[in-house]
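A short worksheet on the structure shown next.
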Amino acid sequence: MTSAALDVDSVRADFPILKQQIHGRPLVYLDSGASAQKPEVVIQAVSDYYRRDHSNVHRAVHTLSQRATAAYEAVREKVCTLLNAARTSEIIYVSGTTAAINLVAQTYGRANLSVGSEVLVTEMEHHANIVPWQIACELSGATLKVVPFHDNGVLDLEQYRTMLSDDTRIVAVTHISNTLGTINPMTEMIRLAHDAGAVVLVDGAQAVPHMTVDVQALDCDFYAFSAHKLYGPTGFGILYGKESLLEAMPPWQGGGDMIKQVRFAQTTYNDLPYKFEAGTPHIAGAVGLGAAIDYVSGHGLGQIAAHERALLNYAQAQASAVSGLQVFGTAPDKAAVLSFELDGIHAHDVGTVLDHEGIAVRAGHHCAMPVMEHFGVAATVRASFGMYNNYDDVDALFAGIARTKDLMSA
Amino acid sequence: MTDLRELYQAVILDHNRNPRNFRMAQCHNHKAQGVNPLCGDEVQIYLQLNEAGIIEDISFQGRGCAISTASASIMTETLKGRSADEADTYFSAFHQLVTGEGGRAAAELDFSKLDVLGGVAAYPARVKCATLAWHTVQAALHQNNEKITTE
């Protein structure tokens, strides 16, 4: 890791997609919370893999299969280091955060939930950390409980303490809210859950690109993230799980690669992590994630977080000066997300005008409808920052907001 | 900004701020709810159809962007006093207008108010906003009390 501040100009030069114009204006990409753009090294790694090394993994003795397998498995080491996991057997390749959470809900959840037991989620979860638990609860007869948040976007820890009980089996919570930017106090929440005898799944989709994550220090039981939000390919992600839990869990999807021996009388499942990796995986996705981890680690997640925090402070200061602009989510501990509403102007109209100015933001419910309901709005505008954003991007956003207000009030 | 003004014309902004027939019809025998799950917009349509199949009253409630609100408002003004069959004809002509698939609407149709939404054709992502209320009217007329979605 480097200790110097992030060189944003050089970072920007690494992302080919940023060198284009949208509607005649330079692209200002403020939607990294939905999906981050890809640096040249990631694009090149995926391309090189397909041009030189592609074959199926774990299948054949020929050279290409060995190359593909080596490249694919080397990424498990990189992920292990990124998350500070104890061993690579705890790193399960999946298609993304959503698949990771569904895997845990359908295996650990169904094996450990029953009538009378409870799952705790929070009011600020992404739909991907709500619906899998609703399904698991419906199938098992367990009850889903929702920990509320305060109006500033800070989770109600008093309520959380009260809601934890002997009946709590699983706590599923986001590390960073995709809509509010709130960084939840994971260490404390995990300790409290463990005291109550529950396991904790952390949705790290928004956290891994923006902060250093240490699963051993957190002592979380499961941790999920997606490659595409970490400047890697879409369709690939990681489930970290403690080995003892993963060993005890039944497999989820059956197929090739997840077995040792298949007989019609009885099939023997493969060891970790392969027990949970049925079928031909997204090999290029893994390779791309490996390149993305190298890229991000080379710049330092601490430096990236500091840069994004400075951008957020700059944006929040400007936001507070705009009349009729309300920010949703003002937690003191907050990551690079600015969700807001302009008085009397629907988020979609804001999104269209900003797009016309070359500015990409998300307008909608951000797959977090309960958060919208909390504030009584149908939709918000969300600007989310990545390592390549600079102060000019923030200035462009607020110039665009001023133009939106002019246009819509005419 | 000139072509954005094509989308957000003054008439549209006026209908957005002061939507016409924005109420629950006192008397209605058909209704439907439409939602756009992508953005969370929703609209309820209330229709009073008489024995001759004429829309005697039409109104709407809900929340949405300027395009969907103005489109619903203008739609109620256009459809009031017309038959259910005419509503179908208007919908297909309107759909062609906002998707840019047709030319000008047939001369016998009164598009004097609807034409203002023609700017939507340049914004494919917003077609769903403009057609949400129309889809909901279809549901109200043909599958009463159904909840419809534009996704």
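If you're wondering where the values come from, they're calculated on a predicted model, not measured in any experiment. For the numbers below, each heavy atom of this structure counts, side chains included, while hydrogens, waters and symmetry mates do not. So that the names make sense, note that chain A is the first sequence line, chain B the second, and so on, each numbered from 1.
Looking at heavy atoms from C-beta onward, Asp41(B) lies in side-chain contact with His346(A) at the 4.5 angstrom threshold. Using a 4.5 Å heavy-atom threshold, the side chains of His356(A) and Asp3(B) count as touching.
Here Thr352(A) is the residue among Asp406(A), Asp355(A), Thr352(A), Ile345(A) with the most heavy-atom pairs under 4.5 Å with chain B.
For chain A, the nearby parts of Ala66(B) are the backbone and the side chain; heavy atoms of each come within less than 4.5 Å. At a 4.5 Å heavy-atom cutoff, the contact between Met369(A) and chain B is made by side-chain atoms alone. In this structure, chain B has a heavy atom under 4.5 Å from the backbone of Val377(A), while its side chain stays farther away. Looking at Ile67(B), the atoms closer than 4.5 Å to chain A (heavy atoms on both sides) sit in the backbone and in the side chain alike.
For Gln21(A), the CD atom counts as densely surrounded, since its 6.0 Å shell holds more than 12 non-hydrogen atoms of other residues, nucleotides or ligands. Around the NZ atom of Lys113(B), the shell of radius 6.0 Å holds no more than 12 heavy atoms that belong to other residues, nucleotides or ligands. With a 6.0 Å radius and a threshold of 12 heavy atoms from other residues, nucleotides or ligands, Asp343(A) has its CG atom at or below the threshold. Annotation for Glu77(B): atom CD counts as buried by contact number, over 12 foreign heavy atoms lying within 6.0 Å. No more than 12 heavy atoms of other residues, nucleotides or ligands shown are found within 6.0 angstrom of CD on Gln26(B).
Closest approach of Ala378(A) and Arg63(B) over heavy atoms only: CB-NE, 3.5 Å. Of all heavy-atom pairs between His348(A) and Cys65(B), the closest is CB-CB, 4.0 Å.
Considering CG of Asp349(A) and CG of Leu4(B), their distance stands at 10.5 Å, rounded to 0.5 Å.
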